[in-house]
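Below is one structure, written out as structure tokens; comments come after it.
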Amino acid sequence: MHIILAREPEGTFAVRALGGELTVPGALPATELAEHAARWERQLRPRWVFTSVEHDYPALLDGGVRVRRCHDLALAEALLLANEERGEQSRTLAAAFARARGLDPPAEAAPAGHDDHDQPALFDPRGSGLPPGVTVADAAELVFTEQCGRIERAAHPQRLRLLIAAESASALAAAEMSVDGLPWRADIHDKLLTELLGDRVPAGQRPRRLAELADRVQAAFGSRPVNPDHPGSVVRAFGRAGVQLPSARAHVLREVAHPAVAPLLEYKELARLHSAHGWAWLDAWVHGDRFRPVYVVGGVVSGRWASRGGAALQIPRTLRVCVRADPGWKLVVADAAQLEPRVLAALAGDRTLAEVAASADLYDSLAEVMFAGARSDAAAGQDDRQKAKIAMLSAMYGGTAGEAASLLALLRQRFPAAVSYVEHAALAGERGQLVRSRLGRTSPPPSAAWRALTGGAGNEEGARRASRDWGRFTRNFVVQASAADWTAVLLASLRGRLPAPAHLVFFQHDEVIVHSPDHLAEQVRDCLAESVREATERVFGAACPVRFPMTATVVDCYADAK
DNA sequence: GCTTTTTGCGCC
DNA sequence: AAATGGCGCAAAAAGC
């Protein structure tokens, strides 16, 4: 059975059962909702229907309630609209309701696409735009029924059903991870900052170590003031010293022989740590030795997650030492090795690439096939591996710079199916057509400006460039979005299998961390292996010949993984 | 003066 | 000849 949960504008919740009997009081405050929900979850094992998990699930979590399964109307609507090639239409609940009823779109709803951060979201009950007399629960019920029908009418109902279920489960996992938090030792972080930067100073001031480095940079340039935080100032200073630079970026500076370069590079690295993950970040984001990021499921067009505040998906490697299991607990850290090329092999059904993907290090065996028997010493082997990697990344990203083009040509000879798969995707994008992931994530339509530029006569050069740019985007989309399909199913499966109280604490594109009591860590590792198997089978089919190695390591500290 | 854009760099 | 994809964030610059 299904239980629809709708937050009404007053902040209370309305509950409605589909396909079952449920004696429900009218409007429930959050605390009472949690009591009832815990019982229903236990006795009925329903699939919950949320207008938005991100918006409403925290009310259950705060009451200590976790649910097994759900359907997120907001995420489903976004996936369905894109899949139906209506990606430009509004995703609000009111708009979805109006479409389901065959009414004109509500006036308030801004079209999707531009600055969707502040647009009235699907779940926002304030100014919901629903017709008078229609409650959020009414709308949710109709939209849910409508969405189920749309799934069945899609080209691949089974894939889309799986995608929406996995995406909804991912949203549950994301909300739970925000509540549980990533174990984060503030004392270790503080000590590390002090070692690298000097004692803590008030915001706006340079810590001692940064001040010293800034002085050394200044000394290397003479008396004219130089601000190492100001790229323009740095470029001008080098110009006065007779070195013309296109920018002050680190990789540009590294090629320059000048006494200012070494302290400047060190300054930039430490200044970055200070501004992005310094004491201000620690104060704002870590409480009670937990970092609680806000994840945005489906926040990236390709289906990857984004994050809001705290830069949860950009934790620098140097800070992994701060991530430590609680006493008596372990971290089970696992990442999918070379996920994207393996996804490409599976998508394209490329037998040769699948054979290559059978080895644990894909790029090593790729090099063997590409440069068969050419050389054998270790240095050449490393060089070949690097070339094989560039070739593969160029295929997936559309790279043509340097030797990429010739390496790609060699890759095409050896793996025609895989390369033509991404090249078809690129060609579709260049023509303004949509492309899809394995489970049906669909690329957004190009903008009106793009169509005007590429469709009209005149600006030939601009048209070609825009066309190529969009082709690179769709080329990458099919791989990245299909990888997101696989990880969403993996996450959904893993979340369901984990033995309590082990729980997910981190997810980043192709990597998961589970916080587990010592004695369950091995069991968690088995769950992971089983989830990998399940994800591969459900996304790519039982006959999929591609291996997806995801070795889990059991550690006390994130920095010790791998 | 405030807001938006650019630069640069962290992650995959 | 050359233009490798996706993000978020802080600080400074640029725009209003």
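Side chains are part of it too, since the values below use all heavy atoms of this structure and drop only hydrogens, waters and symmetry mates. Below, read A as the first sequence line, B as the second, and so on, with proteins coming before strands; counting in each chain starts at 1.
- A:Arg249 comes within 4.0 angstrom of sugar-phosphate atoms only, judged by non-hydrogen atoms across all strands, and of no base.
- Under 3.5 Å, the side chains of A:Glu176 and A:Tyr57 contain a donor-acceptor pair of N or O atoms.
- What separates CD of A:Glu403 from P of C:dA2 is a distance of 16 Å, to the nearest Å.
- Residue A:Gly232 is out of contact with every strand shown, counting any heavy-atom pair closer than 4.0 Å.
- One atom, CG of A:Leu253, and another, P of B:dT7, lie 16 Å apart when rounded to the nearest Å.
- Considering only side-chain atoms of A:Val300, the nucleotide from C:dG6, B:dG10, B:dG8 that sits closest is C:dG6.
- Checked by distance alone, A:Arg304 brings a side-chain donor or acceptor within 3.5 Å of a matching partner on the base of B:dC12.
- A:Phe548 and A:Phe540 have parallel rings, their planes meeting at less than 30° on a 0 to 90° scale where 60° marks the start of perpendicular.
- Listed pair A:Lys268 / B:dC9 meets the phosphate criterion, a side-chain N or O lying under 4.0 Å from OP1 or OP2.
- Heavy atoms of A:Arg465 sit nowhere under 4.0 angstrom from any nucleic acid atom.
- The residue A:Gln508 sits close only to the backbone: its heavy atoms come under 4.0 Å of sugar-phosphate atoms, none of a base.
- Residue A:Tyr397 places its side chain closer to C:dG5 than to any other of C:dA3, C:dG8, C:dG5.
- C:dC7 atom P lies 16 Å from atom CZ of A:Phe507, rounded to whole Å.
- Listed candidates were C:dG6, C:dG8, B:dC12. Nearest to the side chain of A:Asp510 is B:dC12.
- Rounded to whole Å, atom C1' of B:dC12 lies 10 Å from atom OH of A:Tyr558.
- The list of ring-ring contact (aromatic ring centres under 6.0 Å, His included) pairs with a residue in residues 383-404 of chain A, not counting sequence neighbours, is empty.
- The A:Pro316 side chain lies nearest to B:dC11 when the options are B:dT7, B:dC11, B:dC12.
- In this model, a side-chain donor or acceptor of A:Gln314 finds a partner on the base of C:dG8 within 3.5 Å.
- When distances run from any side-chain atom of A:Ala311 to the nucleotides B:dG10, B:dC12, C:dC9, the shortest one goes to C:dC9.
- Comparing C:dA3 with B:dT7, their P atoms are spaced 16 Å from each other, to the whole Å.
- Of the possible polar contacts, none joining the A:Glu430 side chain to the A:Gly471 backbone as a donor-acceptor pair under 3.5 Å is found.
- Using modelled atom types, one side-chain atom of A:Ser168 and one backbone atom of A:Asp72 make a donor-acceptor pair closer than 3.5 Å.
- Contact between the side-chain N/O atoms of A:Ser307 and the OP1/OP2 oxygens of C:dG8 is not found at any separation under 4.0 Å.
- Atom OH of A:Tyr295 and atom P of B:dC11 are 16 Å apart (whole Å).
- Separating the CG atom of A:Leu265 from the P atom of B:dG8 is a distance of 13 Å, rounded to the nearest angstrom.
- Among C:dG8, B:dC12, C:dG5, the nucleotide with an atom closest to any side-chain atom of A:Phe473 is C:dG5.
- The side chain of A:Asp229 sits closest to C:dA11 out of C:dT4, C:dA11, C:dC7.
- Among C:dC9, C:dT4, B:dC12, the nucleotide with an atom closest to any side-chain atom of A:Ala401 is C:dT4.
- Going from atom NE2 of A:His515 over to atom CG of A:Asp180 covers 10.0 Å, rounded to the nearest 0.5 Å.
- Atom CE of residue A:Met550 and atom CH2 of residue A:Trp486 lie 5.5 Å apart, to the nearest 0.5 angstrom.
- Between the P atom of C:dG8 and the CH2 atom of A:Trp281 lies a distance of 17 Å, rounded to the nearest Å.
- The side chain of A:His509 has B:dC12 as its nearest neighbour among B:dC12, C:dA3, C:dG5.
- The residue among A:Ala312 and A:Ser302 whose nearest nucleotide of DNA chain C lies closer to the 5′ end is A:Ser302.
- Atom pair A:Asn227:CG and C:dA11:P shows a separation of 12 Å (rounding to whole Å applied).
- Between A:Arg472 and C:dG5 there is a side-chain polar atom (N or O) within less than 4.0 angstrom of OP1 or OP2.
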